[in-house]
Amino acid sequence: MTETFLDKAYDTTGTEATRELYTSWAKTYEAEVGENGYATPGRCAEALRAVTTDFSAPILDFGCGTGLSGLALSLAGFQIIDGTDLTQDMLDQAAEKRLYRTLTQADPDAPFPVQKGNYSVISAIGVIGAGAAPLDVFDMLLNALDRGGKFVFSFNDHTLEDPAYEAKVVQCVERGSAVILSQSYGDHLPGLNMKSKVYVLEKT
Ligand SMILES: C[S@@+](CC[C@H](N)C(=O)[O-])C[C@H]1O[C@@H](n2cnc3c(N)ncnc32)[C@H](O)[C@@H]1O
């Protein structure tokens with residue numbers, strides 16, 4: 001049987017290999033995740049909507065990919081969304097959706113260009129963990145929020161197999177740097193019987 005990009009994704013580590021994976025995948029990513037019922041963007045957007053009063057506050061959609069996460073946020077009512085991603089070919093697909101205010105390529109080797117407090121909401125939907133960005137991205141994004149800022153993100157089943165990811169959330173809460181506004185375990189790629197955990201944190 002031919003190996004799909006989803007088969008390859010969860011064994012991919014390191015910036016270069018990750019960028020190569022998504023560069024090759026960019027044109028068929030939406031078809032492959034779509035045929036497996038990719039549910040996490042809609043779940044994240046809904047979880048964020050449930051704790052939001054100001055829908056005009058700009059959101060940074062970190063690891064926006066082809067824009068499925070931005071589309072879900074937009075459908076949930078969020079009005080201003082900036083996207084950033086490691087992979088230019090994914091950003092090119094996102095640009096075609098014409099829903100992002102800005103789209104920029106992320107450089108993991110350079111200092112994170114977002115200043116603390118530039119955004120009061122940051123999303124990392126399907127981004128942190130197996131097949132995408134490393135765990136230190138979690139701290140980088142949480143650090144970029146001011147007190148009261150919200151961080152919505154997901155960990156898929158492959159990521160949850162490594163206890164370090166959930167331990168990071170627990171540690172943030174125990175240290176008093178964030179509170180959990182919501183957490184829910186549900187469908188990720190139901191066609192593959194995969195689930196994900198969606199969190200909304202508030203920086204404290
Ligand atoms: C599974 S896709 C998710 C894309 C989109 N958020 C969605 O829900 O469809 C993961 C994305 O994370 C990006 N990515 C991986 N590592 C990254 C990093 N260190 N910084 C920024 N983006 C990264 C990849 O290029 C890819 O577009």
Side-chain angles (χ1 to χ4, degrees), residues 4-48 59-76 78 81-97 99-100 102-114 121-144 151-159 165 186-189 192 194 196-199:
T4 64
F5 282 108
L6 276 168
D7 293 329
K8 286 184 206 157
Y10 304 117
D11 294 326
T12 302
T13 52
T15 303
E16 274 322 307
T18 302
R19 192 185 281 119
E20 272 171 33
L21 169 80
Y22 286 100
T23 299
S24 319
W25 196 2
K27 286 209 165 64
T28 57
Y29 172 85
E30 291 196 5
E32 190 175 343
V33 298
E35 73 191 21
N36 288 295
Y38 188 34
T40 293
R43 290 179 50 226
C44 287
E46 179 52 31
L48 185 63
I59 298 182
L60 177 65
D61 184 21
F62 184 88
C64 64
T66 62
L68 290 179
S69 39
L71 180 60
L73 291 166
S74 168
L75 290 172
F78 295 95
I81 309 166
D82 292 335
T84 184
D85 198 278
L86 176 71
T87 313
Q88 187 58 48
D89 290 63
M90 296 291 271
L91 288 167
D92 293 344
Q93 300 289 314
E96 290 180 13
K97 294 196 170 49
L99 61 85
Y100 288 96
T102 63
L103 283 169
T104 49
Q105 189 170 17
D107 178 359
D109 297 325
F112 190 44
V114 172
V121 185
I122 298 179
S123 59
I125 299 174
V127 176
I128 300 173
L135 185 53
D136 51 9
V137 162
F138 182 99
D139 290 322
M140 182 182 86
L141 297 178
L142 194 62
N143 286 339
F151 181 28
V152 58
F153 60 93
S154 61
F155 293 150
N156 67 34
D157 276 340
H158 290 294
T159 303
Y165 289 88
D187 280 345
H188 177 57
L189 291 165
L192 298 173
M194 269 184 72
S196 63
K197 194 154 181 189
V198 167
Y199 282 96

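Owing to the predicted nature of the structure, the values given are computational and were not obtained by experimental measurement. Atoms within a ligand are numbered from 1 in the order they appear, just like the ligands themselves.
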Using side-chain heavy atoms (C-beta onward) and a distance below 4.5 Å, is [X] in contact with [Y]?
X	Y	answer
L48	F78	yes
F155	Y199	yes
L141	F112	yes
Y22	L86	no
Y29	Q93	no
Y165	N156	no

| query | Quick one: salt bridge (Lys or Arg N to Asp or Glu O under 4.0 Å) pairs with a partner in residues 24-36, sequence neighbours left out? | reply |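 Non-adjacent pairs meeting salt bridge (Lys or Arg N to Asp or Glu O under 4.0 Å): E30-K97.
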
| Heavy-atom closest pair, residues K8 and L21 |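 Nearest pair, atom of K8 first, then L21: CB-CD1, 4.1 Å.
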
| E46 bridged to R43 by N-O distance under 4.0 Å |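 Salt bridge: no.
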
Which part of [X] is near ligand 1, with near meaning a heavy atom under 4.0 Å away: side chain, backbone, both or neither?
X	result
A9	neither
L86	both
P41	side chain

With a cut-off of 4.0 Å, which atoms of ligand 1 are near a heavy atom of [X]?
X	value
A133	15 (C), 16 (N), 17 (C), 18 (C), 19 (N)
G65	4 (C), 27 (O)
L68	9 (O)
I125	3 (C), 5 (C), 6 (N), 7 (C), 8 (O)
F62	20 (N), 21 (C)
S69	5 (C), 6 (N), 7 (C), 8 (O)
M90	27 (O)
G126	1 (C), 2 (S), 3 (C), 10 (C)

Tell me, which protein residue and heavy-atom name are nearest [atom], and how many Å apart are they?
atom	value
atom 8 (O) of ligand 1	Y38 OH, 2.7 Å
atom 9 (O) of ligand 1	Y29 OH, 2.8 Å
atom 15 (C) of ligand 1	T18 CG2, 3.7 Å
atom 13 (C) of ligand 1	D85 OD2, 3.3 Å

| field | Output field: ring centroids F151/F138 closer than 6.0 Å | value |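 Yes; F138 has its ring centre under 6.0 Å from that of F151.
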
